[in-house]
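The block underneath contains the structure these notes are about, expressed in structure tokens.
Quantities reported herein were computed from a predicted structural model and do not represent experimental measurements. Order of the sequence lines sets the chain letters (A, B, ...), proteins ahead of strands, with each chain counted from 1.
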There are 2 protein chains.
Amino acid sequence: MPKVGMEPIRRAALVKATIAEIGEAGTLDVTVSQIAKRAGMSSGLAHHYFGGKDQIFLAAMRHTLALYAAEVRGALSMACTPQDRIGAIVRASFSHSHFQRDVIAAWLNFYVLAQSSQQARHLLGIYQRRLRSNLIFALRPLVGLRAVDVAEQLAGMIDGLYLRQSLGQSLVDPERAIRHVMRAVALELAQGPSR
Amino acid sequence: MPKVGMEPIRRAALVKATIAEIGEAGTLDVTVSQIAKRAGMSSGLAHHYFGGKDQIFLAAMRHTLALYAAEVRGALSMACTPQDRIGAIVRASFSHSHFQRDVIAAWLNFYVLAQSSQQARHLLGIYQRRLRSNLIFALRPLVGLRAVDVAEQLAGMIDGLYLRQSLGQSLVDPERAIRHVMRAVALELAQGPSR
DNA sequence: ATTTTTATTGATTGACGGATCAATCAAAAA
DNA sequence: TTTTTGATTGATCCGTCAATCAATAAAAAT
């Protein structure tokens with residue numbers, strides 16, 4: 001059975017299984033054995049490739065973050081005007097794929113982990129700065145010096161509406177969240193550029 | 001030593017200790033023994049009064065929620081105009097006490113727990129509905145039919161800015177968050193009432 | 001053909017933690 | 001005084017889990 005070049009395959013399978021397990025449990029309280037079993041291997045192999053539970057989680061986080069980043073990049077690549085860029089970021093942030101059970105669980109646990117894990121905090125920082133700077137870049141031509149403030153405002157709204165949609169008891173309505181953010185954008189744009 | 005009527009005292013001590021422990025760990029991964037020790041009693045007694053770890057956590061959550069609710073009520077009681085009411089809600093939401101390490105940890109873990117615990121989800125629902133309806137009530141006289149939409153927008157911004165402030169690497173700046181929300185309010189108010 | 005490297009297992013270890021329980025103690029009630 | 005009730009402890013039970021390790025197997029290198 002043993003073939004060569006298994007490492008990337010095993011790692012990918014473990015990352016995928018980790019996210020699935022976390023999604024089912026809602027917590028990071030999942031065992032390495034559960035993850036390994038779902039990924040079709042023994043627990044020992046999981047340790048062999050990742051070194052420990054923490055590293056498995058971090059890899060899963062990195063993967064989740066990378067998926068989101070790719071989605072944003074993809075949407076941005078098709079935007080021509082600054083307005084389109086903002087719309088692209090917002091739509092990507094509320095895309096269908098983000099409201100999957102396991103993705104939501106990954107993000108929430110990510111936040112929790114960021115309090116105690118240096119590496120998780122670092123990763124989260126990357127996400128936050130990227131969202132912020134993407135927004136600032138798109139806003140600059142539209143609102144001038146106010147770009148930074150508006151970007152922080154919008155970033156907050158995006159994260160917060162995502163949270164409320166994810167944990168609200170009513171079914172998620174991404175379109176509604178998108179409208180809310182875009183309305184705030186429209187009001188700011190109506191103010192014209194600069195301060 | 002044994003006196004009568006210890007129950008409420010013990011329960012309060014346990015709740016306080018639980019929040020402190022969670023704050024230090026950043027996780028719900030704290031042992032009943034740790035909590036009990038910090039509260040100055042044996043682990044058996046903690047089980048005696050709460051029945052189990054889950055119930056201890058929920059009590060701690062209820063307490064955190066109650067503190068926040070009291071803060072909002074207090075601020076609202078001194079507000080006369082609708083504008084004041086909105087300002088009161090926003091300021092209470094970003095008050096100094098909310099950015100304590102242990103309070104932040106409680107909220108983040110609360111979110112995580114809400115995915116898997118029926119009771120936690122229910123509690124969170126109460127918080128979310130209360131914030132929403134407080135905002136709608138204050139907004140109605142100002143923006144008429146748009147109140148619901150604006151309230152959801154603001155609620156999202158409040159939760160999201162709290163999250164970003166709490167987990168950002170730069171030091172927290174509640175005033176800045178408050179300005180961001182209040183600016184969004186001002187822009188909406190400038191639109192006048194109704195739709 | 002032999003050695004080395006990579007892949008893989010699953011048993012094992014060592015530690016930890018939630019819950020339970022019997023036993024103790026003192027205040028209140030009878 | 002005796003009984004009952006509530007408070008309290010800490011050892012113990014039972015289970016779990018992360019991590020390690022020796023052993024095995026197959027491919028690749030020599």
Query raised in the report: To the nearest angstrom, how far is Leu28(A) atom CG from dC17(D) atom P?
Result: 14 Å
Requested in this report: Would you mind reading off the distance between Gln34(B) atom CD and dC16(C) atom P, rounded to a whole angstrom?
Outcome: 11 Å
Query - d(NZ, Lys53(A); P, dA15(C)) in whole Å - result: 19 Å
**Report entry** Euclidean distance, atom NE2 of residue His48(B) to atom C1' of dT20(C) [Å, nearest integer]
**Finding:** 13 Å
Query raised in the report: When we call it a touch if two heavy atoms are under 4.0 Å apart, what does Phe50(B) touch: a base, just sugar-phosphate, or nothing?
Result: nothing
Requested in this report: Report the nucleotide, chosen from dA11(C), dT8(C), dG18(C), that has the shortest atom-to-atom distance to any side-chain atom of Ser43(A).
Outcome: dA11(C)
Report task. Hey, which sits more toward the 5' end of DNA chain D by its nearest nucleotide, His47(A) or Leu45(B)? Result -> Leu45(B)
Report task. May I ask you to check whether Tyr68(B) and Tyr127(B) place their ring centres under 6.0 Å from each other? Result -> yes
**Report entry** Side-chain N or O of Tyr49(B) closer than 4.0 Å to phosphate OP1/OP2 of dG6(D)
**Finding:** no
Query - Salt bridge present between Asp149(B) and Arg176(A) (N-O < 4.0 angstrom) - result: yes
Report task. Mind calculating the distance between CD (Gln55(A)) and C1' (dA18(D)) to the nearest angstrom? Result -> 14 Å
Query raised in the report: Within 45° of the six-membered ring axis of Phe137(B) and under 6.0 Å from that ring's centre, is NZ or CZ of Arg85(B) located there?
Result: no
Report task. Send over the distance from Leu14(B) CG to dA7(D) P, rounded to a whole Å. Result -> 13 Å
Report summary line: Ranking dT9(C), dT8(D), dA7(C) by distance to the side chain of Met6(A), first place goes to dA7(C)
Query raised in the report: Does Arg10(A) make a side-chain N or O approach to OP1 or OP2 of dT8(C) shorter than 4.0 Å?
Result: yes
Report task. Would you classify Thr31(B) as touching base, sugar-phosphate or nothing, given that sugar-phosphate means primed atoms plus P, OP1 and OP2, and contacts are heavy atoms under 4.0 Å? Result -> sugar-phosphate
Requested in this report: Please check if the side chain of Arg140(A) supplies one atom and the backbone of Leu145(A) the other of a donor-acceptor pair under 3.5 Å.
Outcome: no
**Report entry** Output field: ring centroids Phe99(A)/Trp107(A) closer than 6.0 Å
**Finding:** no
Query raised in the report: How close or far is atom P of dG17(C) from atom CD1 of Ile35(B), stated in whole angstroms?
Result: 11 Å
Report task. Round to a whole Å and report the spacing from CE of Met41(A) to P of dT24(D). Result -> 23 Å
